[in-house]
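Just below is one structure, and these are the notes that go with it.
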Amino acid sequence: MDTALAEDRRFPPDEVFAATANADASIYERDFEEFWTSEARSRISWFRDFETLYEWQPPYAKWYLGGSLNVCYNCVDRHVEAGNGDKVAYFWEGEPLGDRRALTFAGLQREVVRFAAGLRQLGVRKGTPVGIYMGMVPELAIAMLACARLGAPFTVVFGGFSAEALAGRLTDMECEVLITQDQGWRKGRTVPLKANADDAVSRAPKVTTVVVLERTGQGAALTEGRDHTWASVVAGQPDDPAACPCEPMDSEDLLFLLYSSGTTGKPKGIVHTTAGYLTGVATTHHYIFDISPATVYWCAADIGWITGHSYIVFGPLANGTTSVLYEGVPDFPERDRWWDIIERYRVTVLYTAPTAIRTHMKWGPQYAEQHDLSSLRLLGSVGEPINPEAWIWYRKHIGGDHTPVVDTWWQTETGMIMITPLPGVTTLKPGSATRPFPGVQAAVYNESGEPVGPGAGGYLVLKRPWPAMLRGLYKDDERYRATYWSRYDGVYFTGDGARVDSDGDLWLLGRVDDVMNVSGHRLSTIEVESALVDHHDVAEAAVVGRADAQTGQAIVSYVTLKAGVDASPAKLTELREHVAMRIGRIAMPANIVFTPELPKTRSGKIMRRLLRDVADNRELGDTTTLADPAVVEEIKTRAVTEA
Ligand code: WTA
C-alpha cells in the first residue's frame with residue numbers, strides 16, 4: 001500500500017519557531033541573481049571579490065568568476081580573528097565510552113596549521129592530489145581543512161570501502177599522498193584501515209607518502225621512507241597561522257573529488273570547486289537548519305559521504321557552528337547511545353537518514369525515553385525517501401511532538417541541499433521534501449520533456465545552474481554529458497522519479513536508473529555484478545534492488561555458476577565475501593539466488609525488470625519477449641526456497 005496516501009496530516013509552521021527563524025516567506029521572492037550574490041558576499045570572506053556571478057555554457061557552469069578565497073580561512077581562521085576562538089567547533093565523542101574531546105575554533109586552527117605545515121614539509125603544494133581514508137575522528141576534518149589551506153585537492157574515501165575500492169580512487173585521481181589511520185573503531189571491534197591502505201597503495205604507484213594517525217594504538221607496520229605517523233608530521237611544527245598561511249584560491253579551483261556510484265561499474269569522480277560549493281553549503285546550512293550562535297548541531301552521517309563533507313565539515317564550520325562529531329555506531333555499547341549524546345551536549349539540531357530512524361523505530365522508543373531530549377528544536381532527514389510512518393515517529397519520539405522535520409533532497413552531484421522545507425516557513429507534509437530551495441528551479445518531466453500535472457509521476461530535473469553544482473566528472477566529459485545532460489536538452493537529469501501534488505509540493509520516488517539506495521548509500525547494480533562475475537566460479541550475474549522495510553533497498557543477486565561448481569551455502573558465503581573484498585561490506589548482497597540461467601530477451605539482454613519483480617514478489621509483467629519463459633518460473637521457485 002502507498003502509505004503516503006494514508007498519512008495526510010499537515011504541520012503548518014509553529015508561530016514561536018517562525019518568530020525567530022532565519023527565513024521568512026519573502027525569501028522565495030528574492031531574485032535569483034540578487035540571492036546568490038548577496039549570500040556569497042555576506043556569508044563568505046573573500047581575499048578578492050568576484051566580478052561575475054556565474055557563467056553558463058551548458059553543461060558547464062562557473063560561479064563567482066574573478067574571486068579569490070580560501071575554504072580553510074572561511075571555516076577556521078576568520079572565526080578566531082573575529083574573537084570566537086573559544087567557541088567549540090566540535091564536541092567529539094569517540095566510540096569507546098568516555099573518550100571525548102572538545103575542540104574550539106582556536107584549537108582547530110592550531111591543529112590545522114601544524115598539520116598543514118607538516119604536509120608542506122612532506123612536499124604537499126597547491127595542486128598536489130591527496131587521498132584520505134579514515135574513520136570519524138577530528139583528524140579527518142583537520143586533514144581536509146589542511147589540504148584546503150594548502151590548496152591541495154583531496155578525495156575522502158569512506159572507511160568502509162575495501163582496499164580495492166580505495167586503490168581505484170587513488171589511481172584515478174593520481175594521488176601522491178594518502179592520509180590514513182592505524183585502525184578505526186566500529187562496534188567495539190577494529191577496522192583495519194592501515195592494512196587496507198597498504199594493500200591499496202601497492203596498487204597505486206603514484207602514492208609515495210603515507211601519513212598514519214594512531215587512533216586505537218593497536219599498532220600498524222610502517223614502511224620506511226614512505227610512512228610517517230601523524231605525531232611525527234606535526235612534531236616541531238608551528239601553530240602560528242602566519243607560519244603556514246591560507247593559499248589564495250581562484251573561485252573555480254578544484255576543492256575535492258568525491259567518487260560515487262553510477263550506472264556502470266566504475267565510480268564517477270564528482271568534481272567540486274571552491275567558491276560556489278562553499279557558498280552553497282553555508283547558505284543552505286544557515287537557512288535549512290536555522291543556525292544561530294546558540295545552535296548545537298549534529299549531523300550523524302559519515303564524513304566519507306557528501307552529507308558529511310557539506311554538512312559536518314564545510315557548511316557548519318563556515319557558519320561558525322558548534323557541532324557534534326561521533327565516531328561509532330548507534331548501538332554501542334547500548335541502543336541509547338545517540339540519545340545519551342544529545343542529552344550530554346544539549347543538541348538542538350539532529351540530521352540523519354531514514355534508515356537510521358527506522359532502525360531506532362524497530363528497537364522501540366524506550367531508549368530515547370531514558371534521556372532528556374528537550375534541547376532538540378529541529379530534525380532533518382536525508383539520503384532516501386522518508387516513509388510517512390518514520391517521519392511521524394521521528395517527530396513524535398525524538399522531536400517531542402513539536403519540532404519541525406525537514407526532509408532534504410540532494411545528491412553528491414548537487415553538493416548542497418536542493419529540495420527542502422524551510423523551518424518556520426513551510427507547511428510540512430510527512431513524506432514530501434516539499435519545494436526547491438530559494439534560487440533553485442526544479443521540475444518533473446514526462447518522457448517527452450513536458451512538465452507533468454499534479455498527481456502524475458515523472459523525472460525530477462533541475463532547470464538552472466546552482467553554485468554548488470558539480471563541475472563535471474573527473475577526466476570524463478563524455479560520461480558527464482551522457483549521464484546528466486542527454487535525456488533532456490539543457491536541463492540536469494537527476495536520475496530520480498518524483499511527483500508534484502496539487503499544492504506544487506514534490507514527492508521523491510527513488511531512483512529510476514540502475515542505482516540502488518541501500519541504507520542511504522548509493523551503489524550501482526553493475527558494480528556489484530562486475531564484482532560477482534570477477535569470481536572464478538561465476539558465469540553470469542544480475543543484481544537488482546528489492547524493497548526492504550529497514551534499509552530502503554536490499555541487494556539481491558541472481559548468479560549462474562560455471563559448469564561443475566556446486567551451488568552450496570559455502571559458495572554463497574564465499575561470493576558475498578568476494579563482493580565485500582572488491583567493494584566493501586555495504587555492497588554485500590542480502591540474497592544470492594543460484595540459477596542455471598538468467599532471463600534474457602531474444603537479443604540476449606538480461607531482463608532486470610523481471611528480476612526486480614521476482615525480488616519484490618510482484619506480479620510479473622510482460623514476459624513475451626523472453627527467449628525462454630521457463631527460466632523465470634525456475635528462478636521464482638528458487639528465490640522462494642532460498643529466501
Ligand atoms: C536519494 C546523498 C528521497 C536520491 C545526499 C538521490 C533522496 C540520491 C533524498 C543521492 C530525499 C537523497 N528523499 N531521496 N530526501 N536525499 N535521496 O549522492 O535518490 O549519496 O539521487 O547523496 O539519494 O545520493 P547521494
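Quick caveat: nothing in here was measured; it's all calculated off a predicted structure. Whatever order the structure lists ligands and atoms in, that order sets their numbers, starting from 1.
- Salt bridge Lys429/Asp8: absent, no basic N to carboxylate O contact under 4.0 Å.
- Each of Trp63, Tyr492, Trp36, Tyr54 was evaluated against Trp466; a single residue qualifies, Tyr492, per the ring pair (Phe, Tyr, Trp, His ring centres under 6.0 Å) test.
- Below 4.0 Å from some heavy atom of Thr307 lie the following atoms of ligand 1, by number and element: 5 (C).
- Distance from atom 3 (C) of ligand 1 to its nearest protein heavy atom, with residue and atom name: Pro385 N, 3.1 Å.
- In this structure, Asp503 does not pair ionically with Arg435, as no charged nitrogen and carboxylate oxygen lie closer than 4.0 Å.
- The distance criterion of under 3.5 Å between nitrogen or oxygen atoms is not met by Ser260 with respect to ligand 1.
- For His360 and Trp338, the gap between ring centers is short of 6.0 Å.
- Residue Arg511 has at least one N or O atom closer than 3.5 Å to an N or O atom of ligand 1.
- Residue contacts with ligand 1: Gly495 is excluded, as none of its non-hydrogen atoms falls under 4.0 Å.
- Polar contact with ligand 1: present for Arg522 (N/O pair, distance under 3.5 Å).
- Residue, atom and distance of the protein heavy atom nearest to atom 1 (C) of ligand 1 are Gly383 O, 3.3 Å.
- Close contacts of ligand 1 with Ile306, meaning ligand atoms under 4.0 Å from a residue heavy atom, involve 5 (C), 22 (O).
- Between Arg169 and Glu164, none of the side-chain N atoms (NZ, or NE/NH1/NH2) sits under 4.0 Å from a carboxylate O, so this pair counts as no salt bridge.
- Ranking protein heavy atoms by distance to atom 11 (C) of ligand 1, first place goes to Glu384 O, 3.5 Å.
- Ligand-side atoms of ligand 1 in range of Asn517: 1 (C), 23 (O), range being under 4.0 angstrom from any heavy atom.
- In summary, the side chains of Tyr484 and Glu413 do present a donor paired with an acceptor at a separation below 3.5 Å, with no hydrogens or angles considered.
- Atom NE2 of residue His272 and atom CZ of residue Phe256 lie 4.5 Å apart, to the nearest 0.5 angstrom.
- Between Trp305 and ligand 1 there is no heavy-atom distance shorter than 4.0 Å.
- Counting heavy atoms only, Trp410 comes closest to atom 2 (C) of ligand 1 of the residues Trp409, Tyr311, Trp410.
- Residue Thr408 approaches ligand 1 through these ligand atoms, each under 4.0 Å from one of its heavy atoms: 9 (C), 11 (C), 15 (N), 16 (N).
- From Thr273, atom OG1 reaches atom CG of Asp253 across 8.5 Å, with rounding to the nearest 0.5 Å.
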- request: Evaluate the criterion ring-ring contact (aromatic ring centres under 6.0 Å, His included) for residue pair Trp391 and Phe11; output intermediate values, then yes/no.
  value: CA-CA 12 Å; Trp391 194 104; Phe11 298 86; 5.1 Å; yes
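- For the atom pair CG of Leu170 and OG1 of Thr155, the computed distance is 8.0 Å after rounding to the nearest 0.5 Å.
- Given atom 4 (C) of ligand 1, the protein heavy atom at minimum distance is Asp496 OD2, 2.8 Å.
- Near Thr412, meaning under 4.0 Å from one of its heavy atoms, ligand 1 places the atoms 18 (O), 20 (O), 22 (O), 25 (P).
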